[in-house]
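A short write-up of the structure that comes next.
Note on naming: letters A, B, ... go to the chains in the order of the sequence lines (proteins, then strands), and numbering restarts at 1 for each one. None of these values were measured; they are calculated from a predicted model. Every heavy atom of this structure was used, including side-chain atoms; hydrogens, water molecules and symmetry mates were not.
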Amino acid sequence: MDPRTKLIRIVTLLGGVYFLVYFLLPKSVLLQLGIQQNHESISNGFIVVGAMAIGLGLINLLVGHGAKIVFKRAGWSNSAALLIALAVMFFVTCAQWVGSLQSSYDIREVQLIGEFASRIVSDDQDASRRDTVPSVSQRIGALVGYGQSKAAFMRQMVESQDASLDSQESRRALLDELRIALNEFQVGLDGLESSRVASLGEGNRAVMEDLVARATRLGGAYSALRQSDQTLTLFSRLYGVLYDGLFVQLGAAMFSLLGVYIAAAAYRAFRVKTVESALMMSAAVIVMLGQISAVFLMLHLGSFGEEAYRFLPKVRQWLLEVPNSAAFRAIRLGAGVAGLMLAIRMWLSIESKSFSSDKRG
Amino acid sequence: MERRLIYLIMIVAVAIPILFEFSWAPSRLVSAERMYQVIEDVRAGEGEIALVWLDFGPGTIAENQPQAEVILEHLFRRRIPVVVLSQYQLAEAVLNSIPADIASRLEHEMPGQSWRYGEAWINAGYQPGGAQMMQNLAAAENLSKYFGRDVNGMPFTHYPTFAALGGIEKVKLVAEVTGLVGVFDTIIQFFQKSDYRPTLVHGCTSITIPEAYIFLDSKQLHGLLEGIAGAAWYSELLKRNHPESQNDRLLVRNTALIISHLVLMMLIVAGNIVGFVRARRSSDG
Amino acid sequence: MVEASMWSLVSTIIGGIATLAIFSFLLKENEFYRFFEHIFIGLAAAVLPLLTIRDFLWPKILEPMLGLNVVVYPDGTVSEPYQPLSLLYLLPMAFGCLYYFIYSKRHAWLARLVIGFSLGLSGALAIRGFFAEALPQIVGSFKPLVVFSAEGAINWFESFNNSLFVVTLLLVFNYFFFTFGKEGSIQGKIAPLGRPLLMVCFGAFFGSTVMARLSLLVERIQFIVRDWFSALLQVVG
Amino acid sequence: MGGLEHATPGVLAVLAFAGWMLFRHLAHAANGHQQFIRRIPGVDAIESAVGRCAELGRPVVFTTALTDVGPVLFACLGVLHSIAKRTAQYKLKLIVPQYSPEAMAIVEDTVREAYRSVGRGAAFDPKSIVFLSSEQFAFASGYMGLVHREHAGAAFMFGVFAGEALVLAEAGQQVGARQVAASVSPEQVAFFICTCDYTLIGEELFGASAYMSREPVQVAALAAQDRVKLLVGAFVVLGVLCATAAQFNPVWNSLMPHQLVLADWSMWKTWFESLFSRVWR
């Protein structure tokens, strides 16, 4: 066996070792080894390896359809349409994402007021952290300064937007909520500033917790408005048209072809030719009748209709719970055992010749 | 030519009830009744939530969306905080739209009450990684820290209801709505701990109904919505307890489904007759 | 309000045209269908990678590595310390880039390293997955062949159900043995009995799948008849 | 019954038994032991379908559909390898539409290896491995167009399927292709039975791969798999008998076999301690 194949087999083994060890060892041992605590970031590391493959499909398409266009092969115009659709969707999705990232960072700048205020309170209560951070009065001074500048910026934004009267009703409600939250926050901030708090004794902490509540409400109102604005940007609109209007509808349309195909398959192939097909069809009809038993009420068949409406779902329930479940569980268990054996083979690289790589460059 | 005639027959059979908007009562499904009771019995105290996986996209929106709507409507009415998330990239649109539509419908129905984002529900977005992610999630001690931020980039700690979630034992209900292959198995196989397995309910596309029954039998699954018919009967149960609940568009769709079933069964009979006649003619000829 | 509905109008109309293009395939494979088939493949190829980056790589991996998740407060303190260990994610990222050596003739074996790694990984997970799923299934099959009701009499209906369940399970299970059942052996004789029982199971699948498929058609026709037509009327009207 | 997060001693024992069976039969295969495999009708249908294409000179299409890197892909590779050898020998065009980029790399290597093994390495055309899309229905729409435009003579659908199965099978049906399907997704088997010439059910896919390739590793795995299944079957029978006996005498409930497998390490520890102290006393 050449060194490359040996290396591949070792790496394959390593790929499975972590999760198998995580499964085989009892939890107590995992805790002692420190694996349990870092399980999440280790698992994320494994997910990253797979996530890196996302570009493969893209490259295949670009190379395949690009060559068709360059060499003007049959159907190159459709390949051009494919690549244009790919490029437009890529650009619009990126632009929409960058826009929403920008707005989430702006929102975070307002939200951190509430976070910072509650952090001042919690740091002050935590003896181990108290001496690693500036004094309470310094921190509150920084908080007030930052809060005032943000409040001034938002007041100016609210007033400018009030002037533009054409905004929709839902947006006006968000604007009003932001104005109220802003005024409430301003009151809290001015109260904090005037009370010259130097330490967070029992009385003062209530002032701070009140400010945290007001700042959190302000953060929520501001983020609601910015997120609503984000959906109105040009790129979000375009993304909506391309994603919901085209991509989603194409997927749903493709899937819906199955509705007519199943009818054609039922008409053409559902012929009673053997005992097996007769069994398959009678089971199918029992299940179908159980699903549409309401039709027997609609056809005004009197007591027979009522009886059928009540009885057919029960027959369907029995067929699904007993013969079907038994047969399907047997299939599932058998396939499970087959999968287990293949899993062991894959992990230990006990490959069949068709996949072995002895002769590969 | 035969094939295209069948296609036309099916399209017309489906279009008629939709055009004239007539709807019949849905068929009674025992499994939907049992699931209604399971969600009715869920007790969610402080910091306890329901996880609702919306693992479907454009392809199976027809069946899965009504299921997601009735499940969320029931959880919202019972004031159980919900975290919606998905293992499927293309579920992004439904993660945003469905909970918001249900919340506004309920607020419209009961003025004065509110189901706000961040209080009634929160959207944790797409969770890639399949089995690895699922066992990660099951092992997490603090779900708020595990999710970190919601899909809008806001920290979970920003919302009091979802700020301090515990581990899997705080998840009082898991609802998996999907038409995909494999995602339901990932929850069955990995979302558990040796001493706790959450109550699991499932909204499946009808094709996987027979498969789901083996998990009902082994108690790995506690409730099942069988396609549109399951959602239609569940909405009927919701309507009995909450008369203002609306489901007319769903019932029209369910009626069109019933009629298309009848047409398809007639096609099976016709197919057999044609087959029998042809066989007879070729044996005589 | 007008501006918002204009965009959703455009979205619905395009959606209707795309749906009719796909439906045109029912007549025969044609240019109209082929154009939208390629558009669909192009859109999908753009959306999938970007969503993985936007919803996983960026928030969970890149932001912690770049320190963008750290919030700096006005007084210079930070919400959480920067995690230098997150730079370790560069290792799996570099290792994952080996996939792209598939395209090189000489270094294709490097791609085999990472493919082998993911084979080993999925193998290990499949081992745990099998036991976690199969054990409750096996335990669920321990059904008593004779069931007594509360009053002590035999419950014939339950007993019959359980017996039928167990016999069906074992017969179908036996059908999937491949290296037993030589000519004349008992196992070989009863193996074919599994197939008709399988047909009941597949009939149940077919019956329930009919509902699944027709639901999709119903939704599409409802979209065309209700949403699309009213959007067209709004534009024309 | 709680969940299973970490293996119990019983689970380790079953895993050890599976490993032992696998290595034992690998050793048998290495010593040239001829393992019996029952005849799988679907495999004969595959060979006749490829033969028909040779007569008509129409291309062969083989797809692994939604099968991702994993156990099932291995089984499909065994069959693909045999079919690719035949198309190489008959100088037939082989087209392999792909859904998963990761799987694609392995599929390409398998087909190249098959062509090389019959001395036709130069005839292998990498462009025959066609990536369509990794979105389910974009893949299905691409496959429909491809089968129609290439006018496929035979279509093989092996592996994991979902809703698109009927679309793939209907496309082959419309161009009159001879179709053989093997699906580990049971819910799709019903459609393949309706639309294909022959359908391999569930694990028959694993059996077909070993039956066609007759490779020692695959045959040994099949034999080992059957022994583990025998263990599972015996376990079910034992459990049913205990459950039935428990209806007459509840003491049997404590003898239910699954308790042995699910007992975790601490339970075994207490059992041994009580056993040890009783023996010691």
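Using a 4.5 Å cut-off between heavy atoms, C:Val72 contacts chain A through its backbone alone, with no side-chain atom that close. Neither the backbone nor the side chain of C:Phe178 comes within contact range of chain A, judged by heavy atoms closer than 4.5 Å. Only the side chain of A:Gln291 comes within less than 4.5 Å of a heavy atom of chain C; its backbone N, CA, C and O stay farther away. Contacts between A:Met281 and chain C at a heavy-atom distance below 4.5 Å are absent for every atom of the residue. For C:Thr19, the parts sitting under 4.5 Å from any heavy atom of chain A are the backbone and the side chain alike. In this structure, no portion of C:Leu171 lies under 4.5 Å from any heavy atom of chain A. Within the 4.5 angstrom heavy-atom criterion, only side-chain atoms of A:Phe23, from C-beta onward, approach chain C. For a residue to count as touching a neighbouring chain, one of its non-hydrogen atoms must lie under 4.5 Å from one of that chain's; by this rule C:Val210 touches chain A with backbone and side chain alike. Within the 4.5 angstrom heavy-atom criterion, no atom of A:Asp123 approaches chain C. Residue contact with chain A, scored on non-hydrogen atoms closer than 4.5 Å, is absent for C:Tyr175. Residue contact with chain C, scored on non-hydrogen atoms closer than 4.5 Å, involves the backbone of A:Glu321 exclusively. Using a 4.5 Å cut-off between heavy atoms, C:Val114 contacts chain A through its side chain alone, with no backbone atom that close. Of the two parts of A:Leu20, the backbone and the side chain both hold a non-hydrogen atom closer than 4.5 Å to a non-hydrogen atom of chain C. With a 4.5 Å cut-off on non-hydrogen atoms, C:Phe176 touches chain A through its side chain but not through its backbone. With a 4.5 angstrom heavy-atom cutoff, A:Val285 does not touch chain C via any of its atoms. Contact of A:Tyr243 with chain C is made through the side chain alone, with heavy-atom distances under 4.5 Å. Heavy-atom distances place no part of A:Phe91 under 4.5 Å from chain C, backbone and side chain included. Of the two parts of C:Glu63, only the side chain, counted from C-beta on, holds a non-hydrogen atom closer than 4.5 Å to a non-hydrogen atom of chain A. Of the atoms belonging to C:Leu57, it is side-chain heavy atoms, and not backbone ones, that fall under 4.5 Å from chain A. Interface remark: C:Arg128 contributes backbone and side-chain atoms alike to the contact with chain A (heavy atom separation under 4.5 Å). With a 4.5 Å cut-off on non-hydrogen atoms, C:Ser86 does not touch chain A at all. Contact of C:Phe223 with chain A is made through the side chain alone, with heavy-atom distances under 4.5 Å.
Going from atom CD1 of A:Ile47 over to atom CD1 of C:Ile61 covers 8.0 Å, rounded to the nearest 0.5 Å. Taking CD of A:Gln249 as the reference point, atom CG of C:Asp227 lies at 8.5 Å (rounded to 0.5 Å). The distance from the CZ atom of C:Phe35 to the CG atom of A:Leu82 is 10.0 Å, given to the nearest 0.5 Å. Summarising the geometry, atom CZ belonging to A:Arg332 is positioned 4.0 Å from atom CD belonging to C:Glu133; distances are rounded to the nearest 0.5 Å. Distance CG/A:Leu279 to CE/C:Met199: 9.0 Å, rounded to 0.5 Å. The structure places CG of A:Leu342 at 12.5 Å from CZ of C:Phe130, a figure rounded to the nearest 0.5 Å.
Counting heavy-atom pairs under 4.5 Å between each of C:Leu98, C:Leu51, C:Leu197, C:Leu68 and chain A puts C:Leu68 at the top. Of the residues considered (A:Ala326, A:Gly145, A:Gly245, A:Gly336), A:Ala326 shows the highest number of contacts with chain C, using heavy-atom pairs under 4.5 Å. Each of A:Leu238, A:Leu112, A:Ile84 has some count of heavy-atom pairs under 4.5 Å with chain C, and the biggest count is that of A:Leu112. No other option in A:Trp347, A:Tyr146, A:Trp318 has as many heavy-atom pairs under 4.5 Å with chain C as A:Trp318. Heavy-atom pairs under 4.5 Å with chain C peak, among A:Ile331, A:Leu319, A:Leu83, at A:Ile331. Note on C:Ser208, C:Ala21, C:Pro74, C:Ser215: by heavy-atom pairs under 4.5 Å with chain A, the leading option is C:Pro74. Here A:Arg329 is the residue among A:Met89, A:Met52, A:Arg329, A:Met280 with the most heavy-atom pairs under 4.5 Å with chain C. Interface summary for chain C: among A:Leu14, A:Thr93, A:Ile59, A:Leu58, the most heavy-atom pairs under 4.5 angstrom belong to A:Ile59.
A:Phe247 and C:Phe40 have tilted rings, their planes meeting at an angle from 30° to 60° on a 0 to 90° scale. The aromatic rings of A:His65 and C:His38 sit perpendicular to each other, their planes meeting at more than 60°, with 30° as the lower class boundary.
A:Leu232 is not listed as a side-chain neighbour of C:Trp7, based on a closest heavy-atom distance of 4.5 Å or more. At a threshold of 4.5 Å between non-hydrogen side-chain atoms, the residues C:Leu26 and A:Tyr261 count as touching. Residues C:Arg54 and A:Gln96 meet the side-chain proximity criterion, which asks for heavy atoms closer than 4.5 Å. For the pair C:Phe95/A:Val11, a side-chain contact is recorded, criterion being any heavy-atom separation below 4.5 Å from C-beta on. In this structure, the side chains of A:Leu257 and C:Phe23 come closer than 4.5 Å at one or more pairs of heavy atoms.
C:Phe117 has its ring centre less than 6.0 Å from the ring centre of A:Phe46.
The minimum heavy-atom distance linking C:Gly207 with A:Val287 is given by the pair C-CG1, 3.8 Å. Between C:Val70 and A:Arg108, the shortest heavy-atom distance links the atoms O-NH2, 4.4 Å. Closest approach of C:Phe165 to A:Ser325, counting heavy atoms only: CE1-CB, 3.8 Å. Considering every non-hydrogen atom in both C:Gly123 and A:Ala343, the closest pair reads O-CB, 3.4 Å. Nearest approach of A:Ala85 to C:Leu43, heavy atoms of both residues: O-CD2, 4.0 Å. Nearest heavy atom pair, residue A:Ala327 against residue C:Cys201, reads CB-CB, 3.8 Å.
When each of A:Arg129, A:Arg139, A:Arg119 is paired with C:Thr77, the side-chain contact (heavy atoms from CB on, under 4.5 Å) condition holds for A:Arg139 and for no other.
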**OP:** Would you check, one step at a time, whether the test side chain to side chain contact (heavy atoms under 4.5 Å, CB included) holds for A:Ile54 with C:Leu48?
**Re:** CA-CA 8 Å; A:Ile54 52 175; C:Leu48 295 175; over 6 Å; no
**OP:** Assess whether side chain to side chain contact (heavy atoms under 4.5 Å, CB included) is satisfied between C:Asp75 and A:Gln138, documenting all intermediate values.
**Re:** CA-CA 8 Å; C:Asp75 69 344; A:Gln138 266 177 309; over 6 Å; no
Original post:
Should A:Cys94 and C:Leu50 be marked as a side chain to side chain contact (heavy atoms under 4.5 Å, CB included) after you check the CA-CA gap, both sets of side-chain angles, and the distance that decides it?
Top reply: CA-CA 8 Å; A:Cys94 284; C:Leu50 281 175; 3.7 Å; yes
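With hydrogens and angles ignored, the 3.5 Å screen pairs no side-chain donor or acceptor of C:Tyr99 with any backbone N or O of A:Gly50.
Heavy atoms of other residues, nucleotides or ligands lying less than 6.0 angstrom from CZ of A:Phe90 number 12 at most.
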